[in-house]
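Throughout, a chain's letter reflects where its sequence line sits, starting with A, and its residues are numbered from 1.
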There are 4 protein chains.
Amino acid sequence: MSDKALKKKQLIIEKSRDVFARKGYRAVTMKDLVEACGISRGGLYLYFDCVEAVFKGVIESESKKGDPDIIGMMPSNPRTIDYLKLFFHEQKRDILRGGDSLLSAMYEYSFEKNGKESEEQTLIASQFDKSVSFLTALIKKGNELSDVNCEEPADFAMSVMISLEGMRVLSRCMTLSEQMVNTRISALLAPILPKQQ
Amino acid sequence: MSDKALKKKQLIIEKSRDVFARKGYRAVTMKDLVEACGISRGGLYLYFDCVEAVFKGVIESESKKGDPDIIGMMPSNPRTIDYLKLFFHEQKRDILRGGDSLLSAMYEYSFEKNGKESEEQTLIASQFDKSVSFLTALIKKGNELSDVNCEEPADFAMSVMISLEGMRVLSRCMTLSEQMVNTRISALLAPILPKQQ
Amino acid sequence: MSDKALKKKQLIIEKSRDVFARKGYRAVTMKDLVEACGISRGGLYLYFDCVEAVFKGVIESESKKGDPDIIGMMPSNPRTIDYLKLFFHEQKRDILRGGDSLLSAMYEYSFEKNGKESEEQTLIASQFDKSVSFLTALIKKGNELSDVNCEEPADFAMSVMISLEGMRVLSRCMTLSEQMVNTRISALLAPILPKQQ
Amino acid sequence: MSDKALKKKQLIIEKSRDVFARKGYRAVTMKDLVEACGISRGGLYLYFDCVEAVFKGVIESESKKGDPDIIGMMPSNPRTIDYLKLFFHEQKRDILRGGDSLLSAMYEYSFEKNGKESEEQTLIASQFDKSVSFLTALIKKGNELSDVNCEEPADFAMSVMISLEGMRVLSRCMTLSEQMVNTRISALLAPILPKQQ
DNA sequence: TATGAATGAGTCTTCATTCAT
DNA sequence: AATGAATGAAGACTCATTCAT
């Protein structure tokens, strides 16, 4: 695919992203995408076969965009505890992001895929697993450096991510106050932080 | 509405429930419902205006069915801790229920409704709030009876329900082992249970 | 299927027949059929899944209609030679029928099906084989009754039907004069007819 | 048109020929041709306005190619009977050619054109007439040389070509054995060949 | 009440044709 | 000359909803 075509594809993905964020997955039609992108019906088909293909493109693009945020920033700072804060800060931002997020669409898509007994992991599952792994690794490192103190890192990470996922998904169905999210996150972190200061 | 009509409505609701459990909300068509109910297209319209109306009926019926289980049983038993166990047992069952549950459909529906800025609470929100209130009340009672020891019942209940909701929704996108759910629930309850060993 | 539905199906088939006779097979769209039948798009789909299904219906109906003509008339007359004349008369009518015939459509359809290596015989092939068998049987009977004299009935029938098929298909691409067809048919029959009278 | 352009046109025609032989006429799209030719969409339009134009080009090229075979060879040989054999040999080859032939496409095209009452002769008709004329001339010559003996050359040629056309078109809808075609052709020729035993 | 045939609007998808580069 | 991205019209198909019976 030519360079120009790649740019066009990227443009479609960016414009479509907002449509999925606004309408979820199932409710989105080719017409919605075509209108959001300002191209013709046939034009969209030059780059994507169907709504699902566009959605996959959006997700892939999103994950490329999202990944570097934390991992990229890590080497510059020596204390694990700061990575942890960064990680939770990102999680909080994601939870409170509201209508701008792809989460609803991802859940709709995952619900649908989970129904059909396919081998593949759902989007939600793979993202969840990735986060658990990352957090586990972070805590193990923190243990080594005595930044944190956690006896069962994998277990702890899982329990934390479950809570965060609960807030994330609830925030798409009701209003969660920033205050409440702050309180929750503090409570989650407390057990492994060094007592006092 | 005549008695016969009510029965018919109930029949439609029961048959339709399975369709929503299987296909979610958005994917369900009038045809699906008509076929599942074994009645005519016109017949369905006599009782419900659209798919959404049937779904609302299903949800309402479900909540009537679900509510009494625990609350109805409470008066007969003196120890709060047993209610708690019952409550968590139900939650666990719900989390592990898999494809038979309406959860996916309820989320799809709530996502959709949350998008449009309507005044009404989403299904998920109202169910969540109800559970938090119930659990809060239970713990307060437990405090009084010294069955449990919890300084911030509302706060604690919220935090517990968030975790449970996380597991509930994740279980529709990936496989959660019963073992893991047991461990999680025990960990959630531990802080307020009387120390024993 | 109810009686009424069968009638409707028959109506669609009759109206559609003319469309196929006029436009052939490949050029016919659902829209053409819908307009010819005076029903709605959706209405047609209640009875037929696609253009091909309608066409198959037309062909089936046609063959039911066509079959009795000759065979039904046979018992009433003792002399084979008259059946032969009747058979050839029908063939001639079919050849000269012009634009009212389904032949073009059947060829288009058979060309298409013959391309894909399917097990099934093409329409044209099965009709051809049927005619050859029928004519063979007729001539054998005629031999018995000494109405005609033909040493190789199967061979002869095949050769006759090939000629008739040639005329049939050519008549859809050019004008064949009735006179010419008469001459041809007489020439085909001559070898087996009793000399003179 | 420049020499280079002519070559390009010829290339398109050659590549497209196979597409028409494989898919017939109506089923062929510009995309098919573009892909078969390995040129751009726009490129094809520089030389041909539409699919029909390419098809006409293919047919014209084909007839130029086919014509010389027999006629060109004739002067070098004194005995008519050998030309006849050559002619029938070619016919037989054409009948048995199967999927490589343009016949289906030509019939589809002729059916379509015959439908619209245009003045022009259909492809099939003009090819048929040409063959009849040629065979008639051949037989007349044969009569003169006493190579064959045929009282009504035009009539005879017509009847022979009708049979051949019947076999040709049937062979696109069913399998004709080479044996059968041989037998048929011998039977057709027999009446005018010098008795020999 | 109950039926299910019928409608037509809406979506998906393909394709001939154009046009800026 | 040549490219191939882009267009939009046209066809296939589905579905919520209505209505005569």
Inset, instruction - Look at the aromatic rings of C/Tyr107 and D/Tyr107 and report parallel, tilted or perpendicular, splitting at 30° and 60°. - result: parallel
Legend entry - Any donor-acceptor N or O pair under 3.5 Å, side chains D/Ser101, D/Arg172: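 Checked: D/Ser101/D/Arg172 side chains pair up, N/O donor to acceptor below 3.5 Å.
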Which nucleotide, [options], lies nearest any side-chain atom of [X]?
{"X": "C/Lys8", "options": "F/dT18, E/dA6, F/dC13", "value": "E/dA6"}
{"X": "C/Thr29", "options": "E/dT3, E/dA6, F/dA12", "value": "F/dA12"}
{"X": "B/Ser2", "options": "E/dT1, E/dT17, E/dA5", "value": "E/dT1"}
{"X": "A/Val51", "options": "E/dC12, F/dA5, E/dT1", "value": "E/dC12"}
{"X": "C/Tyr45", "options": "F/dA2, E/dT17, F/dA12", "value": "F/dA12"}

Legend entry - Contact nearer the 5' end of DNA chain F, comparing B/Lys31 with A/Ser40: A/Ser40
Legend entry - Pairwise 5' ranking along DNA chain F for A/Ile39 and B/Gly42, keeping only the more 5' one: A/Ile39
Legend entry - First encountered from the 5' end of DNA chain E, between B/Gly38 and A/Asp49: B/Gly38
Legend entry - Residue mapping more 5' on DNA chain E - nearest nucleotide basis, C/Gly43 or A/Val28: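 Going by which nucleotide is closer to the 5' end, it is C/Gly43.
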[atom1] of [X] versus [atom2] of [N]: gap in Å, rounded?
{"X": "C/Met30", "N": "F/dG11", "atom1": "CE", "atom2": "P", "value": "13 Å"}
{"X": "D/Leu44", "N": "E/dT18", "atom1": "CG", "atom2": "C1'", "value": "14 Å"}
{"X": "A/Arg26", "N": "E/dT11", "atom1": "CZ", "atom2": "P", "value": "14 Å"}
{"X": "B/Asp32", "N": "F/dC15", "atom1": "CG", "atom2": "P", "value": "8 Å"}
{"X": "A/Ile12", "N": "F/dA6", "atom1": "CD1", "atom2": "P", "value": "8 Å"}
{"X": "D/Glu52", "N": "E/dC15", "atom1": "CD", "atom2": "P", "value": "19 Å"}
{"X": "B/Leu11", "N": "E/dT1", "atom1": "CG", "atom2": "C1'", "value": "15 Å"}
{"X": "B/Glu35", "N": "F/dT14", "atom1": "CD", "atom2": "P", "value": "13 Å"}

Inset, instruction - Mark yes or no for a side-chain to base donor-acceptor pair under 3.5 Å between B/Arg41 and F/dT18, with no hydrogen or angle criteria applied. - result: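 Checked by distance alone, the answer is no.
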Inset, instruction - Name the pairing partner of F/dC19, where a pair is Watson-Crick or G-U wobble with both distances under 3.5 Å, or state none. - result: E/dG4
Legend entry - A/Glu108 vs A/Phe20 side-chain heavy atoms within contact, under 4.5 Å: no
Legend entry - Electrostatic pair B/Arg17-B/Asp100, nearest N-O below 4.0 angstrom: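 Salt bridge flag = yes for B/Asp100 with B/Arg17.
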Legend entry - Greater than 12 external heavy atoms within 6.0 Å of A/Gln127's CD: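 Result for CD/A/Gln127: open.
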Inset, instruction - Select base, sugar-phosphate, or nothing to describe what C/Lys4 touches, counting heavy atoms under 4.0 Å on all strands. - result: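 No contact.
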